[in-house]
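Shown next, in structure tokens, is the structure this report addresses.
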Amino acid sequence: MLDSEAQAQGVAAARGGGSGVGGRRAPVPGPYQVPVDVGRLEVEGGVEQLFQPARNVVLPVVLHRLLLQLLQLPSGPTAAAAAFFPHETAPTSAYSSPARSLGDTGITPLSPSHIVNDTDSNVSEQQAFLVVVAIDFGTTSSGYAYSFTKEPECIHVMRRWEGGDPGVSNQKTPTTILLTPERKFHSFGYAARDFYHDLDPNEAKQWLYLEKFKMKLHTTGDLTMDTDLTAANGKKVKALEIFAYALQYFKEQALKELSDQAGSEFENSDVRWVITVPAIWKQPAKQFMRQAAYQAGLVSPENSEQLIIALEPEAASIYCRKLRLHQMIELSSKAAVNGYSGSDTVGAGFTQGDKYVVVDSGGGTVDLTVHQIRLPEGHLKELYKATGGPYGSLGVDYEFEKLLYKIFGEDFIEQFKIKRPAAWVDLMIAFESRKRAAAPDRTNPLNITLPFSFIDYYKKFRGHSVEHALRKSNVDFVKWSSQGMLRMSPDAMNALFKPTIDSIIEHLRDLFQKPEVSTVKFLFLVGGFAEAPLLQQAVQAAFGDQCRIIIPQDVGLTILKGAVLFGLDPAVIKVRRSPLTYGVGVLNRYVEGKHPPEKLLVKDGTRWCTDVFDKFISADQSVALGELVKRSYTPAKPSQLVIVINIYSSEHDNVSFITDPGVKKCGTLRLDLTGTSGTAVPARREIQTLMQFGDTEIKATAIDIATSKSVKVGIDFLNY
């Protein structure tokens with residue numbers, strides 16, 4: 001259905017419909033435009049002339065500030081174009097091109113346009129903030145740290161949390177959240193866990209308790225704003241609500257602590273917020289965290305620069321290069337101090353061009369990044385795109401769960417989780433503290449306390465005792481202790497770690513085969529799982545002869561402190577690798593024999609090739625911070641009142657058409673061309689389109705040069 005405005009302007013538009021890759025809607029373009037520089041074909045006096053991509057030029061950094069409200073075009077049938085082009089002819093084909101909906105918003109070539117490599121970066125004047133607060137939103141534990149901009153060297157980790165487990169550091173709090181039976185926020189962290197634990201078992205079934213829910217953003221292929229999470233009692237709740245509740249909790253805690261320090265109420269507008277996410281997360285998951293921050297009131301969409309989404313291994317990398325030698329543990333057989341005094345920083349050991357790997361091993365994922373130091377400023381360049389996978393310490397928990405399946409039966413364990421959710425949480429807490437005691441040289445057994453309700457419920461469920469189940473299970477390395485405990489041999493505990501650690505080592509081996517990684521000097525092992533002696537030993541055994549393996553002493557807080565440093569100086573990461581290929585859907589002049597016949601569209605006697613993907617930047621291409629890529633287009637008809645530019649992305653590099661598999665629509669720029677009466681408009685009106693890369697978010701702008709009107713849009717992976 002066409003909206004009234006579009007009808008008045010004679011615009012037909014189509015938006016995505018049907019099923020696409022990974023369950024997402026396939027991209028269906030609206031109006032098209034022709035790139036100025038890519039594959040433009042002109043016919044003059046029978047001579048065909050092909051314009052090549054243009055040379056680099058410098059574009060002024062500060063762009064026009066004028067911003068129109070961005071309007072989305074409505075959905076509509078692809079056949080709608082026929083109403084506007086009754087005399088058009090096109091070849092009959094089984095393939096139905098979305099471009100048949102081409103309306104009067106199309107764009108044609110102008111003149112060679114430009115790729116702009118503006119690497120002087122800081123694109124706009126930075127707002128002055130009094131303090132940077134970083135939130136490390138982890139799979140298993142979370143926390144915040146802050147630094148006042150006047151004292152950047154002094155990083156404060158949040159006040160110690162109430163609660164905690166024996167033998168477990170509680171500078172961070174568990175990523176657990178509790179909602180009331182009415183689905184209102186009740187508590188977070190230790191407070192949530194302890195309150196839930198103390199509830200009557202029947203009452204606990206009504207409360208919504210969630211833990212380790214961050215992994216859902218990594219494992220969901222078709223993540224949207226409506227994605228659900230499942231609480232311990234089996235009830236569904238919107239993921240966006242849960243993430244927003246958690247961020248709101250951290251916001252309130254941090255502002256309260258800052259106000260107490262300042263002696264007066266601290267304003268949120270004085271805070272630059274930083275939230276950490278895994279580098280291997282796909283773009284929708286990273287955007288989801290930003291949306292949750294908006295809902296939590298951390299920042300507003302209008303002031304989006306107040307929030308930085310930081311990549312966890314990048315944050316760790318920034319912190320590690322500032323470490324002094326006495327602040328880290330050297331695992332390598334190579335010389336520990338390498339000729340430097342204890343007051344030297346690791347950076348003192350860096351020379352121009354040195355490469356190092358950061359292995360960020362957390363609860364849910366392991367992220368691997370490769371950086372190179374650029375002296376004298378110490379800026380960082382990403383040499384190889386972030387890799388990794390779901391190889392965090394949760395993998396050890398899953399192995400323990402599989403062991404319980406083997407002993408007690410999967411049917412019982414799954415039923416116990418639902419019927420006694422709080423007791424299941426207790427059991428996993430008991431396992432967590434024993435898991436941390438696992439070590440390569442341990443000889444004495446590890447005892448895991450079974451909750452009384454586990455023993456009691458098992459007897460009712462099976463009709464015999466837990467001790468009987470252990471005897472019958474043929475699992476030799478787990479015995480029953482008369483004190484009500486599972487007694488595990490050290491080898492049995494180590495076996496639970498093996499699949500996860502093997503995956504990490506295998507992934508690192510693959511990484512070290514890459515040419516970019518062959519001359520790495522340091523390997524920094526960071527994240528909560530890096531505290532595990534079994535992982536430390538495995539990494540040392542596999543790679544100790546290739547590079548120096550270093551673990552910061554406060555390894556669990558490395559990302560948190562690095563994220564604060566990143567918030568104080570976001571320009572420290574100078575060059576990144578683009579995770580995706582980006583471009584826009586365009587029209588090119590149709591070339592017989594070069595373009596597929598099903599892409600032919602004839603309009604006013606001109607033969608167009610539809611659905612062409614005009615590439616702005618390729619996947620895995622190095623991109624400087626703040627780099628701008630610019631293209632110039634012009635309206636197909638001088639009388640046009642609106643121009644629509646659709647932006648697309650793909651994980652693949654060799655993309656030709658927006659209908660290729662895996663291409664997804666991720667943005668729309670809609671530029672109003674009205675209001676030019678009395679203004680001299682050139683016959684071929686220039687519309688500049690710019691995409692700014694290098695930051696963890698990507699922004700696109702379209703500018704009408706004749707009127708200085710402009711529209712801006714952030715790339716959107718959740719709403720298309």
Side-chain angles (χ1 to χ4, degrees), residues 140-141 163-168 170 173-178 186-187 189-213 230-235 363 393-394 396-438 445-473 475 477-489 492-493 496:
T140 51
S141 60
D165 304 316
V168 178
N170 62 343
T173 194
T175 308
T176 54
I177 195 166
L178 183 64
H186 180 271
S187 48
Y190 288 116
R193 201 186 71 184
D194 295 345
F195 187 93
Y196 184 62
H197 169 271
D198 293 339
L199 285 169
D200 176 84
N202 288 320
E203 195 182 353
K205 291 178 195 174
Q206 306 306 314
W207 290 66
L208 285 83
Y209 178 83
L210 296 101
E211 61 178 354
K212 299 166 186 169
F213 49 84
T230 305
N233 61 0
K235 292 183 179 176
S393 61
L394 282 187
V396 185
D397 297 358
Y398 295 144
E399 290 299 315
F400 178 61
E401 209 170 306
K402 280 160 64 178
L403 179 64
L404 294 178
Y405 284 172
K406 193 171 179 182
I407 298 170
F408 303 108
E410 184 175 349
D411 56 341
F412 166 72
I413 295 297
E414 292 304 317
Q415 195 66 10
F416 180 71
K417 284 184 192 174
I418 294 166
K419 297 291 186 185
R420 301 284 188 274
W424 173 255
V425 171
D426 279 354
L427 174 55
M428 293 311 293
I429 290 168
F431 173 69
E432 178 67 27
S433 69
R434 297 292 77 209
K435 180 173 83 175
R436 288 168 180 265
L446 296 117
N447 294 324
I448 298 161
T449 305
L450 286 181
F452 172 75
S453 61
F454 185 98
I455 299 166
D456 181 56
Y457 191 70
Y458 184 79
K459 190 158 191 175
K460 289 176 184 172
F461 190 87
R462 289 273 190 248
H464 57 248
S465 69
V466 163
E467 186 178 0
H468 178 82
L470 274 161
R471 278 202 306 270
K472 288 281 189 183
S473 70
V475 178
F477 41 78
V478 180
K479 305 293 183 191
W480 177 246
S481 156
S482 56
Q483 287 90 24
M485 298 178 180
L486 293 179
R487 185 182 290 264
M488 291 184 72
S489 71
M493 179 61 86
L496 299 182

Applying side-chain contact (heavy atoms from CB on, under 4.5 Å) to K435 and D397, what does each step give before you reach the verdict? CA-CA 9 Å; K435 180 173 83 175; D397 297 358; 2.8 Å; yes
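Heavy atoms of other residues, nucleotides or ligands lying less than 6.0 angstrom from OH of Y405 number more than 12. More than 12 heavy atoms of other residues, nucleotides or ligands sit less than 6.0 Å from atom NZ of K212.
For E467, the salt bridge (Lys or Arg N to Asp or Glu O under 4.0 Å) criterion is met by R471, not counting sequence neighbours. With sequence neighbours left out, K402 forms a salt bridge (Lys or Arg N to Asp or Glu O under 4.0 Å) with E399. When the salt bridge (Lys or Arg N to Asp or Glu O under 4.0 Å) test is applied to E203, no partner is found at least two apart in sequence or on another chain. Checked against side-chain hydrogen bond (donor to acceptor under 3.5 Å, both in side chains), K460 has the following partners two or more places apart in sequence or in another chain: D456. Remark: K479 pairs with no residue by the salt bridge (Lys or Arg N to Asp or Glu O under 4.0 Å) rule, at least two apart or across chains. E211 meets the side-chain hydrogen bond (donor to acceptor under 3.5 Å, both in side chains) test with no other residue; sequence neighbours excluded. With sequence neighbours excluded, the residues satisfying side-chain hydrogen bond (donor to acceptor under 3.5 Å, both in side chains) with H464 are Y458. For F213, the ring-ring contact (aromatic ring centres under 6.0 Å, His included) partners at least two apart in sequence or on another chain are F243. Looking at residues two or more places apart in sequence or on another chain, you find no ring-ring contact (aromatic ring centres under 6.0 Å, His included) involving H197. Applying the ring-ring contact (aromatic ring centres under 6.0 Å, His included) test to F400 and every residue at least two apart in sequence or in another chain returns F431. Partners of W207 by ring-ring contact (aromatic ring centres under 6.0 Å, His included), not counting sequence neighbours, listed by chain and number: H186, F195. Residues that satisfy the side-chain hydrogen bond (donor to acceptor under 3.5 Å, both in side chains) test with S473, not counting sequence neighbours, are absent from this structure.
Remark: side-chain polar atoms of R462 are paired, donor with acceptor, to backbone N or O of F408 under 3.5 angstrom. Side-chain N or O atoms of T176 include one that pairs as donor or acceptor with a backbone N or O of G189 at under 3.5 Å.
Contact annotation: the side chain of E414 approaches that of E401 to within less than 4.5 Å [non-hydrogen atoms, C-beta and beyond]. In this structure, the side chains of W424 and I418 stay at 4.5 Å or more apart for every pair of heavy atoms. Between R420 and P451, the closest side-chain pair of non-hydrogen atoms is not below 4.5 Å. In this structure the side chain of Y398 never reaches within 4.5 angstrom of the side chain of L496, judged on heavy atoms. E432 is not listed as a side-chain neighbour of T140, based on a closest heavy-atom distance of 4.5 Å or more. You'll find the side chain of L404 reaches within 4.5 Å of the side chain of L427, heavy atoms only. By the 4.5 Å heavy-atom criterion applied to side chains, T449 and D426 are not counted as neighbours. Side-chain contact check for F461 versus D411: some heavy-atom pair is nearer than 4.5 Å.
Here the CD1 atom belonging to I177 is positioned 10.5 Å from the CG atom belonging to L208, to the nearest 0.5 angstrom. The distance from the CG atom of L470 to the CD1 atom of I407 is 5.0 Å, given to the nearest 0.5 Å.
The two residues Y196 and A422 come nearest to each other via the heavy atoms CE2-CA, 3.6 Å. Shortest non-hydrogen contact noted between I448 and A430 is CG2-CB, 4.3 Å. The nearest pair of heavy atoms linking V466 to I455 is CG2-CA, 3.9 Å. In terms of heavy-atom proximity, L446 sits nearest to M493 at CD1-CB, 3.7 Å. The two atoms that bring W480 and M485 nearest to each other are CE3-O, 3.4 Å, heavy atoms only. When all heavy atoms of K205 and N233 are compared, the pair lying nearest together is O-ND2, 2.8 Å.
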